[in-house]
Amino acid sequence: MVYGTMSQDSYLPPAKKFKPGTPQSSYIRKGAMQLGPRKHPVPIEQQRRNLPIYQARAQIIGQLRQLDSAIVIGETGSGKTTQIPQYLYEASIGRQGVIAITQPRRVAAISLASRVSEERKAELGKLVGYTVRFEDVTSEETKVKFLTDGMLLREAIGDPLLRRYSVIILDEAHERTVHTDVLFGVVKMAQKKRKELGKLPLKVIIMSATMDVDLFSEYFNGAPVLYLEGRQHPIQIFYTKQSQSDYLQAALVTVFQIHQEAPSSHDILVFLTGQEEIEAMTKTCRDIAKHLPDGCSQMTVMPLYASLPHSQQFRVFQNAPKDHRKVILSTNIAETSITITGIKYVVDTGMVKAKKYNPDSGLEVLAVQKISKAQAWQRTGRAGREDSGICYRLYTEDEFEKFEKMTIPEIQRCNLASVMLQLLVLRVPNVFTFDFMSKPSPDSIRAAVDQLDLLGAIERREDQVILTPLGRKMASFPLEPRFSKTILLSPKFHCTEEILTIVALLSVDSVLHNPPAKRDEVQAARKKFISSEGDHITLLNVYRAFKSLGKNKEWCRENFINGRNMMLVSEVRSQLRDICIKMSMPIESSRTDTRNIRQCLAHGLFMNAAELQPDGTYTTVETHQPVAIHPSSVLFHCKPACVIYNELLHTSKCYMRDLCVVDADWLFEAAPEYFRRKLKSSKN
Ligand code: CDP
Ligand code: MG
């Protein structure tokens with residue numbers, strides 16, 4: 001089959017039109033990686049000893065004992081994250097305090113803590129524990145603590161010297177999330193200050209599978225780099241001959257080509273970009289697999305993305321039934337955070353969904369974009385964990401050459417309002433000159449400070465930026481500044497109970513479960529909750545029903561509500577409520593009055609407003625950017641004059657997600673100066 005001429009038509013229905021082909025001939029073969037022995041399933045102690053890192057145990061302990069800062073590089077699965085904290089603990093390094101290991105992803109923090117406590121035969125939360133946003137499973141006894149980078153940052157607000165910790169391991173450093181990047185600076189500062197004050201020294205270890213070591217080493221005062229040998233088997237890489245206009249279709253074709261030809265024990269890992277796409281593709285693959293000709297082996301298709309319920313994420317680690325091929329459709333979560341066994345084939349679409357920010361337009365959008373070369377290598381590596389493997393890159397070699405070398409740090413492509421607020425609370429003397437490893441552009445810093453100014457979190461005196469009492473209160477919530485502000489405004493509108501619910505609902509992954517196969521049933525079930533005032537109020541209705549029925553699981557299933565996320569919402573809500581109580585905020589309910597709630601949302605989120613234009617389209621008030629209502633919104637078929645939205649999503653168009661109908665007057669009341677300025681600029 002020639003790749004360039006692939007079309008929907010050559011595939012569906014596959015039973016009739018599926019033709020055997022030689023996908024390899026339509027690819028160009030490229031290079032191989034080095035060879036090593038094969039791994040077998042064994043008891044847990046033996047598994048620990050079988051890890052590549054075990055060979056280097058004594059050496060690692062010896063070196064890390066000496067060093068203040070170190071950089072550790074090793075292939076995913078070599079044992080860095082699970083073993084190094086244990087080696088330190090076993091060698092009594094850092095026993096005076098707690099050993100912290102940060103993770104960019106909550107799933108990773110939780111699953112790693114479970115794994116390590118299992119390896120130590122200790123109950124989770126005792127010797128080994130974890131802390132993620134809204135969940136703390138640690139105790140006085142905890143000596144090895146996995147936590148998200150965001151959580152460690154919050155702890156730094158309470159104690160900038162991070163005195164509780166003797167060792168801080170910043171893991172998955174290559175991901176360069178905003179939080180990790182801020183942490184680099186915070187930890188570096190804490191280490192230096194502790195040294196100056198003669199306090200317990202802080203050991204800093206930076207860990208990753210791939211990264212720009214020079215940049216890191218230089219930033220951490222010339223920290224030495226320890227390279228761990230991984231086990232990597234040869235991987236054949238194939239590029240497409242021609243550029244693919246539809247990477248989803250290309251992925252689908254490739255999966256079924258492999259399925260036709262390879263033995264069923266060879267599992268496939270496909271890298272896609274996001275939940276909706278993965279769910280749709282899962283369904284398509286299952287449908288096609290049902291109609292394959294006799295003699296073709298069975299296929300078990302599993303989605304994998306961060307917001308998937310835990311139990312379902314766990315399925316990917318289990319073997320498929322006998323004679324079934326496992327096909328995992330994953331986001332970049334499987335790139336480095338998670339190791340999946342059995343993978344022989346990797347299909348790399350070359351795409352990822354990530355944040356992009358333009359300080360000129362003030363827009364932060366989630367957009368599907370090309371991966372970096374480092375990411376492409378990482379994905380390829382997933383095929384050679386246990387034996388030799390094959391990676392299909394659904395792009396040409398020329399396209400690959402044009403990928404960025406490394407992923408651009410998130411700090412250089414996101415809205416920095418939260419970061420700036422955090423730096424101010426951390427009492428960083430000058431936020432404009434903070435020691436970032438990769439500096440964000442001065443424009444984005446300025447835009448963030450402007451935003452905090454509009455929210456009343458800061459004041460400017462001469463050249464200085466000063467945190468206001470309101471700003472300090474805002475930083476007490478583990479939320480984006482605009483949401484903290486909305487909560488803090490809510491007593492004025494007598495609707496704190498409702499605002500807490502809404503903010504909690506927006507803080508966790510979607511509570512609405514939308515299986516594409518059951519669209520009609522979902523719509524029928526959802527009808528009773530829908531509010532013509534928008535998604536916020538609709539979600540509020542869902543939560544109210546959930547609560548009045550005693551948080552019933554059966555009810556969740558019948559109504560296509562994700563029960564686990566719903567429980568999380570109720571936990572998040574109660575934690576946010578506790579923060580309000582600590583601040584002595586009056587907590588009232590507006591009961592049936594939703595006008596107050598919408599008014600409060602308008603006052604907190606006025607910077608995310610959009611207006612209906614005479615031609616029936618919408619533009620944002622902030623930058624006059626054309627936007628559309630996302631099809632998932634309950635307002636999709638409506639045309640309210642004025643809305644606020646929760647976020648923008650850039651796919652084929654720029655979409656607003658989670659909308660609430662508001663009055664233009666309310667927005668004006670919220671920030672008269674701001675709107676006067678915007679009005680002027682729209683007339684120019
Ligand atoms: O950090 P790195 O990628 O080097 O490896 P790791 O996360 O320490 O994992 C080492 C090995 O432990 C993996 O290859 C898995 O075999 C096992 N592991 C596991 O079974 N379950 C986990 N949640 C984490 C690791
Ligand atoms: Mg790791």
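All ligand and atom numbering here is 1-based and tracks the order in the structure. Numbering starts at 1 and runs along the sequence shown.
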Checklist entry - Does at least one non-hydrogen atom of E75 fall below 4.0 angstrom from an atom of ligand 1? => result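 A heavy atom of E75 does come that close to ligand 1.
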
Checklist entry - G74: heavy atom below 4.0 Å from ligand 1, yes or no? => result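 No; G74 lies far enough from ligand 1 that no heavy-atom distance drops under 4.0 Å.
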
Next on the checklist: Less than 6.0 angstrom separating the ring centers of F216 and F184, yes or no?
Outcome noted: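 Yes, close enough.
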
Next on the checklist: Is the distance from the ring center of Y395 to that of F403 below 6.0 Å?
Outcome noted: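 Here the rings of F403 and Y395 have centres that are less than 6.0 Å from each other.
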
Using distance alone, determine whether [X] and ligand 1 share an N or O pair under 3.5 Å.
| X | answer |
| --- | --- |
| Q83 | no |
| G77 | yes |
| R385 | no |
| R115 | yes |
| K80 | yes |
| T82 | yes |

Item to check | Atom indices of ligand 1, in the order listed, that fall short of 4.0 Å to a heavy atom of S111 | outcome: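 That gives atoms 23 (N) of ligand 1.
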
Checklist entry - Of all the atoms in ligand 1, which lie at a distance below 4.0 Å from a heavy atom belonging to G79? => result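 Answer, ordered by atom number: 2 (P), 4 (O), 5 (O), 6 (P), 8 (O), 10 (C).
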
Checklist entry - Should the pair R393 and W377 be classed as cation-pi, given the thresholds of under 6.0 Å to the six-membered ring centre and 45° from the axis? => result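 Cation-pi check for R393 and W377: passes.
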
Item to check | Geometric cation-pi criterion, K188 with Y219: 6.0 Å, 45° | outcome: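 Ring-cation test returns yes.
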
Item to check | From the candidates N50, T341, L112, the one that places a heavy atom nearest atom 7 (O) of ligand 1 | outcome: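 Among N50, T341, L112, the closest heavy atom to atom 7 (O) of ligand 1 belongs to L112.
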
Item to check | Heavy-atom nearest neighbour of atom 1 (O) of ligand 1 within options I110, L228, I101, T81 | outcome: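 Result: the heavy atom closest to atom 1 (O) of ligand 1 is in T81.
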
Taking 4.0 angstrom as the limit, do [X] and [Y] come out as a salt bridge?
| X | Y | result |
| --- | --- | --- |
| K402 | E397 | no |
| R176 | E410 | no |
| R115 | E119 | yes |

Item to check | Over 12 non-hydrogen atoms of neighbours within 6.0 angstrom of NZ in K373 | outcome: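 For K373, atom NZ is crowded (more than 12 foreign heavy atoms under 6.0 Å).
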
Checklist entry - Does the shortest distance from the Mg ion (ligand 2) to an N/O/S atom of T81 fall below 2.8 Å? => result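 Given the 2.8 Å cut-off, T81 counts as a ligand of the Mg ion (ligand 2).
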
Next on the checklist: Residue-level breakdown please: for L51 versus ligand 1, do any non-hydrogen atoms fall below 4.0 Å on the side chain, on the backbone, on both, or on neither?
Outcome noted: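 The side chain, only.
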
Item to check | Any donor-acceptor N/O pair, S372 side chain to Q375 backbone, under 3.5 Å | outcome: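 Confirmed, S372 side chain pairs with Q375 backbone.
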
